[in-house]
Q: 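For reference, the structure I am asking about is given below.
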Amino acid sequence: MDYRPGEIEARWKKQWEASHLYKIDNQSDKPKFYVLDMFPYPSGAGLHVGHPLGYIASDIYSRYKRLKGFNVLHPMGYDAFGLPAEQYAIETGVHPAVSTDKNIARYRSQLDNIGFSYDWSREVRTSDPKYFKWTQWIFVQLFEHYFCNDTQKARPVAELNDIFAAEGNAKLNAATSQEDAFTAEEWKAMSTKEQEEILMNYRLAYRKVTYVNWCEALGTVLANDEVRDGVSERGGYPVERKPMLQWSLRITAYAERLLNDLDELDWSDAMKKMQSNWIGRSEGAQLFFDLDGHDRNIEIYTTRPDTIFGATFMVVAPEHSWVAEITTAEQKAAVESYQEWVKSRSERERMSEVKEVSGAFTGAYAVNPFTGKKIPVWISEYVLKDYGTGAIMAVPADDERDHRFAEKFGLEIIPIVDKSDYPGATMEDKVGKMINSEFLDGMEVLDAIKEITKRIEAQGIGTKKVNYKLRDAIYSRQRYWGEPFPITYDKEGIAHPMKLEDLPLELPELDDFKPASGAKSPLARATDWVNLPNGFTRETDTMPGFAGSSWYFLRYMDPHNDNAFASQEALHYWKDVDLYVGGTEHAVGHLLYSRFWHKFLYDKGLVPTNEPFKKLINQGMIQGVIENMYMLKEKTDGASHFVCSRIVKEKHMEDAVQIPVHVDFVRDYGSQNSWIDVKGLKKFIEWRPEYKNAIFECGKGMYRGSELIAEKVNGDFGLVTHSEVGKMSKSKYNVINPDEVVAEYGADTFRMYEMFLGPIEQSKPWDTQGISGVHNFLRKLWALFYDENGNFTVSDEQPTKEELKILHNAIKRVEDDIERFSFNTCVSHFMKAVNDFKAGGCNNRQVLEQFIVLLAPFAPFVTEEIWEKLGYKESVHKAVYPVLNEDYLKEDSIKYPIAFNGKTRAFLQLPADADKATLEKAALESEDTQKWLEGVTVRKVIVVPGRMINIVVG
RNA sequence: GCCCGGAUGGUGGAAUUGGUAGACACGCCGGACUUAAAAUCCUGUGGGCUGUAAUGCCCGUGCGGGUUCAAGUCCCGCUCCGGGUACCA
């Protein structure tokens, strides 16, 4: 009987679902193990073959762990809120909930097709009110807490009232955006509104004025990557930086912990490094420069306080409110026009245009506290308001940007570091001897930093300070399809959180999803929803995508709980994610926010672990191949003329136009010689009727006209296409749906082939060149169980030593390789074992049964089918993983390579238990080595037992 | 620019701590079956050199050096490719 994956897989898919095979319990005597895939956004395009790469790996690992006796939590759900559905709704009027449901249904059927072992009873969707009730609740918790820097923990905002009433805010060391100090008396004298405004500056979820990319013409706020050269990507309308009152999360409070705790994680170094660079800790000094003729001073942050004697001017961010105050009458026009220009600059431009410096002089002068010299104060876009204090002392001699700025505007440059002892050192390297720096002269840079910091603190003009690049996360979106904020505002504008019993706060029904006027969310149009009977109004912005995805892994532990985001019993049983598989694109977004939320919940005693994801594996991307045909620029007899890329190369016609071809029309897709045959040309013409009269030319002749009339064609006609590697996307006509591959070869082949492609973390273009090898393997496996008459037969005899050796060798290698996530080599080991079984004519029940269990995580369908035929009533996926017995692997003798001066010249079969001396003697006395020993002296013999023997001669 | 990866046959890749480079596949060559083809099966397959064609010799893991009895693996210097990131004071 033939191996028919289609029949087998359809049957078992049904049966597994009916028997709830993958449903698991929160109570078990078994040890727990939590394997998580990254939350997919269910896009309208469906899954392509790249998506399941990580899912297959994690599924194999989950199944393996189950067979090994673990209670494995392996869930799946959907990050269901998001912009694409909203955009689609604006274009088509289809409610985002409707299109999202449809997309999810498609995802689900594609996932089921691949045979994943998810416990679907635990599915979550972020857009489900039962889910976002708790997203909203966590937001309220963040709102009601502040962060104490001394204890490095979140504390209730409620206690601040007592603290402020007793001692003002001077002594409180908390993460805050409150700039001004106040006394207890001042606090008590404040109105409720004033007090609330101050408390807001301490909350972990707080409101402040932040800038958005506002596009007046589109009437919407744009993301950074939707803005190019100061205009919108869509339509090219002007975009300006518009200040708006928005919610933010104070992730910066947790910067130190987010950085330090990376140490305890089993993540790749590259990933940790990315996070730590993003957090961007730096040590430096914060100090004050007096302003000549003004009451105020300028606070700056520097990592190089040692260079202060070279500080010849200052630069402040153009956004600082006090810039107007210090600007002189003569400079007013210049400063204002510069500020106006900066407004039109996107954040991305301000950061990416490195070469061109710009700025304006305020007319004000600051006093260098060490030299006493007056130095000019400039504004420039290269100083960002949100980093440090938004002001710097510029040291043109020792900083690239300052140097360019000084050169452009003719400002003084005083050399202060002599780097002559360090050839090749750049300006930024902290090396060299101080010069022109009075008491620092002659010191090494690092010593000078220590010395000057001491002096700054002694003189009371500043302090040592740690600074972070990390910025607070803006948490408001002017969109419809997201979680509504559980916040109402009273008549004075004071924000009030909603109570748990009033949650979830659901979205109002709308039929128009366009933004409301004045940069407002579409929710603003739902006036009945916004305006409450008591005169309060609702927040109309919604939460961003990372809201729901920052805690979803906790919900899987107890997905239907209506009394808590998850029960404490469930949280204490599952604790944290043991293995998280996902792409590097989430390195600094999702993974950082999740860690932040988790740490907050940990501070509240709501989760038992400090970190959510113990081990992280990064999967590479499967790219697509974009196939193009070459079309000559000039028409032939008025018809478009396509030529084979071989001809293009031969005749050097590389300037020919490339016309993308749908990959379905191309043969040997992904290979270097992918080509299009006459059938493919017919499909192409159907798809692109404008080319129905075109000429198609290859080395063997040409075809032309709508009927594809052959001219001068001898031999097989085929146009080689030009292939390039790129993203798999709808717009490139190169999306490969896993359903197609599964339909042709079956899910087991698809799963194993994706693994066989190479190391999981490597990116590579999809091609099916090798898929037949994997498919043949499964057929050979199938054939082991059938005799020549097509009857299922296994022998019940005692297995031979050789059979046991093949089996246990496979067990050892596969298990080792699964543990180090080397799934591609696992597939090789399976192939090797089946080849060996076949060669030895093995159909021994004892051996093959264990082999089937070993293979079950990789090929769940075919193994289940054979398992049943072997007479088992219970699923192979509930079997026990085979146990390795090293005794079967022991060899009596080993084939030793004998090398002379490192070059292998002969082989000797020697006893496995021979000691070094015996091995050496045998190697020197063997017949096979004699010819290499003639006329030379043996200087040394290196013997590595079990490995090799190297004879050094000379 | 900086940081992190990577470069191995015609192709995907293997070699876990320095110890037989090329496992396992694809492709290709040759053969069997067939009227023929497809499918299947068997065999060979890094390159080169040959005289007795083998259990032979030489070369070979991006390039140039080095350490070592021994280097794909370690060190130094380059080239190319991929990813991340950026006026961050």
Side-chain angles (χ1 to χ4, degrees), chain A residues 268-274 276-278 280 282 284 300-305 307 315 348-357 380-384 386-395 399-402 404-405 426 428 467-471 584-585 587-588 618 620-621 623 668 670-673 725 753 756-759 761-765 767-774 776-777 779 813 816-817 819-820 822 824-833 835 895-907 928 939-944 946-954:
Chain A
S268 71
D269 288 342
M271 200 60 142
K272 287 188 187 180
K273 203 150 204 167
M274 257 188 253
S276 86
N277 287 344
W278 191 262
S282 66
I300 64 117
Y301 174 74
T302 179
T303 53
R304 292 294 303 275
T307 62
V315 185
R348 194 160 280 196
E349 285 167 329
R350 285 178 64 168
M351 293 187 177
S352 61
E353 281 167 34
V354 184
K355 295 205 175 85
E356 200 53 37
V357 287
S380 172
E381 63 169 359
Y382 83 79
V383 174
L384 305 175
D386 287 332
Y387 186 75
T389 60
I392 62 161
M393 64 174 198
V395 184
D399 183 281
E400 278 289 331
R401 299 150 307 152
D402 295 351
R404 272 197 299 273
F405 197 86
T426 66
E428 271 66 33
N467 205 27
Y468 298 95
K469 199 163 105 180
L470 184 70
R471 285 188 245 166
T584 44
E585 66 271 22
V588 288
N618 293 120
M621 263 198 310
Q623 295 145 314
D668 300 331
S671 81
Q672 280 167 339
N673 294 317
V725 173
Y753 182 60
F756 191 57
L757 236 32
E761 69 279 3
Q762 222 163 78
S763 289
K764 55 179 62 89
D767 83 87
T768 49
Q769 272 192 77
I771 199 164
S772 62
V774 175
N776 282 341
F777 154 75
R779 292 174 44 202
R813 286 168 180 273
D816 280 359
D817 286 357
E819 289 293 358
R820 62 187 184 106
S822 173
N824 55 327
T825 51
C826 288
V827 179
S828 299
H829 303 320
F830 286 124
M831 289 173 166
K832 182 93 174 67
N835 289 345
K895 190 182 173 197
Y896 275 92
I898 312 297
F900 287 82
N901 290 344
K903 286 186 183 180
T904 307
R905 299 296 186 186
F907 293 94
D928 297 345
R939 298 194 186 278
K940 202 175 179 186
V941 180
I942 286 134
V943 179
V944 184
R947 281 283 188 185
M948 47 77 68
I949 297 161
N950 187 18
I951 299 167
V952 186
V953 295

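Every chain is numbered from 1, with letters handed out A, B, ... down the list of sequences. Excluded from the calculations below are hydrogen atoms, water molecules and symmetry mates; all remaining heavy atoms, backbone and side chain alike, are included.
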Q: On a whole-Å scale, what distance lies between the P atoms belonging to B:rC59 and B:rG65?
A: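 To the nearest whole Å, 15 Å.
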
Q: Distance from A:N277 atom CG to A:K469 atom NZ, nearest 0.5 Å?
A: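 These two atoms lie 6.0 Å from each other.
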
Q: Taking the same atom, C1', in B:rU8 and in B:rC24, what whole-Å distance lies between them?
A: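 Taking atom C1' in both B:rU8 and B:rC24, they lie 15 Å apart.
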
Q: Mind checking the C1' distance from B:rG64 to B:rG31? Whole angstroms is fine.
A: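 Those two atoms are separated by 47 Å.
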
Q: Identify whether any heavy atom of A:K832 sits under 4.0 Å from a base atom; if not, whether one sits that close to sugar-phosphate; answer base, sugar-phosphate or nothing.
A: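 Here A:K832 touches the backbone only, sparing every base.
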
Q: Side chain of A:P759 only, heavy atoms from C-beta on: which candidate in B:rC69, B:rC88, B:rA14 is closest?
A: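 Among B:rC69, B:rC88, B:rA14, the one nearest the side chain of A:P759 is B:rA14.
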
Q: How is A:R820 classified with respect to the nucleic acid when contacts are heavy atoms under 4.0 Å: base, sugar-phosphate, or nothing?
A: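 A:R820: base contact, heavy atoms under 4.0 Å.
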
Q: Write down the distance separating the C1' atoms in B:rU50 and B:rC58, rounded off to the nearest Å.
A: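 The same atom, C1', in both gives a distance of 11 Å.
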
Q: Touch check for A:N776, heavy atoms < 4.0 angstrom, all strands: base, sugar-phosphate only, or nothing?
A: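 Sugar-phosphate, no base atom in range.
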
Q: So, does A:Y301 use its side chain to make a donor-acceptor pair with the main chain of A:G284 at under 3.5 Å?
A: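 Yes; judged by distance alone, with no hydrogens or angles, the pair exists.
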
Q: Look at the side chain of A:R947 and decide which nucleotide, out of B:rG19, B:rC26, B:rG12, has an atom nearest to it.
A: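 Side chain of A:R947 sits closest to B:rG19.
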
Q: My understanding is that a pair needs two contacts under 3.5 Å, Watson-Crick or G-U wobble. By that rule, which nucleotide pairs with B:rA70?
A: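 Across all strands, not a single nucleotide pairs with B:rA70.
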
Q: Would you mind telling me which of B:rC88, B:rU20, B:rC3 lies closest to the side-chain atoms of A:L384?
A: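 Nearest listed nucleotide: B:rC88.
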
Q: With P as the reference atom in both, quote the distance from B:rG5 to B:rG9 in angstrom, rounded to an integer.
A: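 Those two atoms are separated by 23 Å.
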
Q: Would you indicate which nucleotide in B:rG13, B:rA70, B:rC88 comes nearest to any side-chain atom of A:N950?
A: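 Among B:rG13, B:rA70, B:rC88, the one nearest the side chain of A:N950 is B:rA70.
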
Q: In whole angstrom, give me the gap between the P atoms of B:rU34 and B:rA54.
A: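 Roughly 31 Å separates the two P atoms.
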
Q: Categorize A:G390 for me: base, sugar-phosphate, or nothing, with a 4.0 angstrom heavy-atom threshold over every strand shown.
A: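 Base contact.
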
Q: Assign A:I942 to base, sugar-phosphate, or nothing according to its heavy-atom contacts below 4.0 angstrom with the strands shown.
A: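 Since a base atom lies under 4.0 Å of A:I942, the category is base.
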
Q: If the test is side-chain contact (heavy atoms from CB on, under 4.5 Å), which one of A:T302, A:V383, A:D399 qualifies with A:I392?
A: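 When side-chain contact (heavy atoms from CB on, under 4.5 Å) is applied between A:I392 and each of A:T302, A:V383, A:D399, only A:V383 qualifies.
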
Q: Using 0.5 Å steps for rounding, measure from the CG atom of A:N950 to the CG atom of A:N901.
A: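 It comes to 7.0 Å.
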
Q: For a quick check of understanding: with a heavy-atom distance under 4.0 Å over all strands, which category does A:D269 fall into, base, sugar-phosphate or nothing?
A: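 A:D269: no heavy atom of the nucleic acid under 4.0 Å.
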
Q: Does A:R813 reach a base, just sugar-phosphate, or nothing at all? Heavy atoms under 4.0 Å.
A: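 Touches nothing.
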
Q: Where the side chain of A:V383 is defined as all heavy atoms beyond and including C-beta, which of B:rA25, B:rA89, B:rU20 is the nearest nucleotide?
A: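 Nucleotide nearest to A:V383's side chain: B:rA89.
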
Q: Nearest of B:rA89, B:rG27, B:rG19 to any side-chain atom of A:S772?
A: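 The answer is B:rG27.
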
Q: Quick one: label A:M831 by what it contacts on the DNA or RNA (base, sugar-phosphate, nothing), any heavy atom closer than 4.0 Å.
A: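 Sugar-phosphate only.
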
Q: Touch check for A:Y468, heavy atoms < 4.0 angstrom, all strands: base, sugar-phosphate only, or nothing?
A: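 The answer is nothing, as A:Y468 stays clear of every strand by at least 4.0 Å.
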
Q: Distance between the C1' atoms of B:rG13 and B:rG27, in whole angstroms?
A: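 Straight-line distance between the two C1' atoms is 14 Å.
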
Q: Would you indicate what A:N824 reaches in the nucleic acid, counting non-hydrogen atoms under 4.0 angstrom: base, sugar-phosphate, or nothing?
A: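 Here A:N824 touches the backbone only, sparing every base.
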
Q: Decide, for B:rG10, between syn and anti: a glycosidic angle within 90° of 0 counts as syn, anything else as anti.
A: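 That one's anti.
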
Q: How about A:V774 and A:F830: do any of their side-chain heavy atoms sit closer than 4.5 Å?
A: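 Not in contact.
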
Q: Using a cut-off of 4.0 Å on non-hydrogen atoms, how would the nucleic acid contact of A:Q762 be classed: base, sugar-phosphate, or nothing?
A: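 Answer is sugar-phosphate: A:Q762 comes under 4.0 Å of backbone atoms only.
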
Q: If we call it a pair only when both distances are under 3.5 Å in a Watson-Crick or G-U wobble match, what pairs with B:rG46?
A: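 Partner of B:rG46: B:rC59.
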
Q: Does B:rG1 have a Watson-Crick or wobble partner in any strand here, with both distances under 3.5 angstrom, and which is it?
A: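 B:rU85 - that is the nucleotide pairing with B:rG1, both distances being under 3.5 Å.
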
Q: In whole angstrom, give me the gap between the C1' atoms of B:rA53 and B:rC42.
A: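 Comparing C1' positions in B:rA53 and B:rC42 gives a spacing of 23 Å.
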
Q: Hey, is CZ on A:R947 packed in by over 12 heavy atoms from elsewhere, all under 6.0 Å?
A: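 12 or below, so no.
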
Q: Give the nucleotide from the list B:rC69, B:rA89, B:rC3 with an atom nearest to the side chain of A:K273.
A: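 For the A:K273 side chain, the nearest candidate turns out to be B:rC3.
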
Q: Strictly by Watson-Crick or wobble contacts shorter than 3.5 Å, is anything paired with B:rC26, and which nucleotide is it?
A: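 Its partner is B:rG10 (Watson-Crick or G-U wobble, both distances under 3.5 Å).
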
Q: Does A:F907 reach a base, just sugar-phosphate, or nothing at all? Heavy atoms under 4.0 Å.
A: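 If one applies the 4.0 Å heavy-atom cut-off, A:F907 turns out to touch a base.
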
Q: Among B:rU40, B:rG12, B:rA21, which nucleotide has an atom closest to any side-chain atom of A:T904?
A: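 Among the listed nucleotides, the one closest to the side chain of A:T904 is B:rA21.
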
